[in-house]
Amino acid sequence: MKSDQNIGSLIHRIDHKLKANIDAQLKSHDLTFSQSQVLFLLKKNGSSMPQKQLQEPLQVSHPTMVGLVQRLEANGYVCSSIDVKDRRNKIVTATQKAD
């Protein structure tokens with residue numbers, strides 16, 4: 001095995017373990033690592049953002065983002081609404097529970 005492949009494999013395993021540890025710590029708050037990243041971005045950007053703008057920095061697809069927002073909304077961390085300027089856009093806003 002080439003050393004590049006071995007290093008890549010190790011980095012992947014480390015990444016997986018770190019995410020699993022973070023998920024375990026966040027479980028008591030009914031959150032996952034990915035969901036916490038959404039909340040972090042919202043907080044960083046004034047607590048409200050269009051859903052489409054959340055996708056790019058997190059590098060997730062539209063269906064994945066829809067699922068993340070739905071689960072966060074079900075757990076009371078965010079609320080979503082239709083953008084009054086462009087009804088095709090959904091605005092995601094962090095709630096007080098996200099603080």
Nearest-0.5 Å distance that lies between atom CG in Asn21 and atom NE2 in His16: 10.0 Å
side-chain hydrogen bond (donor to acceptor under 3.5 Å, both in side chains) evaluation trace for Ser80 with Glu73: CA-CA 8 Å; Ser80 60; Glu73 198 164 17; 3.1 Å; yes
Whether Asp23 side chain and Phe33 backbone form a donor-acceptor pair below 3.5 Å: yes
Hydrophobic cluster membership, Ile91 vs Met49, 4.5 Å side-chain cutoff: no
Between CG on residue Leu58 and CG on residue Leu54, distance to nearest 0.5 Å: 6.5 Å
CG-CD distance between Leu31 and Gln37, expressed to the nearest 0.5 angstrom: 11.5 Å
Sidechain-backbone polar pair: Arg71 side chain, Gly67 backbone, donor-acceptor under 3.5 Å: yes
Leu39 vs Val78 side-chain heavy atoms within contact, under 4.5 Å: yes
Straight-line distance of Lys27 NZ to Gln25 CD, nearest 0.5 Å: 13.5 Å
From Gln51 atom CD to Ser81 atom OG, the distance as rounded to the nearest 0.5 Å: 11.0 Å
Heavy-atom closest contact (Leu42 atom, Ala94 atom, distance): CD1-N, 4.1 Å
Smallest separation among heavy atoms of Leu41 and Pro57, with atom names: CD1-CG, 3.7 Å
Full working for side-chain contact (heavy atoms from CB on, under 4.5 Å) between Met65 and Lys52: CA-CA 8 Å; Met65 183 54 66; Lys52 287 181 183 179; over 6 Å; no
Gln35 side, atom CD; Leu72 side, atom CG - distance, nearest 0.5 Å: 4.5 Å
Hydrophobic cluster identity match, Val66 and Leu68, side-chain contacts under 4.5 Å: no
Where Asn75 and Asp30 come nearest, the two heavy atoms and their spacing: ND2-O, 3.3 Å
Note: Arg88-Asp83 ion pair, threshold 4.0 Å (strictly below): no
Tyr77 six-ring face occupied by Lys97 cation (under 6.0 Å, within 45°): yes
Under 3.5 Å: donor-acceptor pair, side chain of Asp15, backbone of Ile11: no
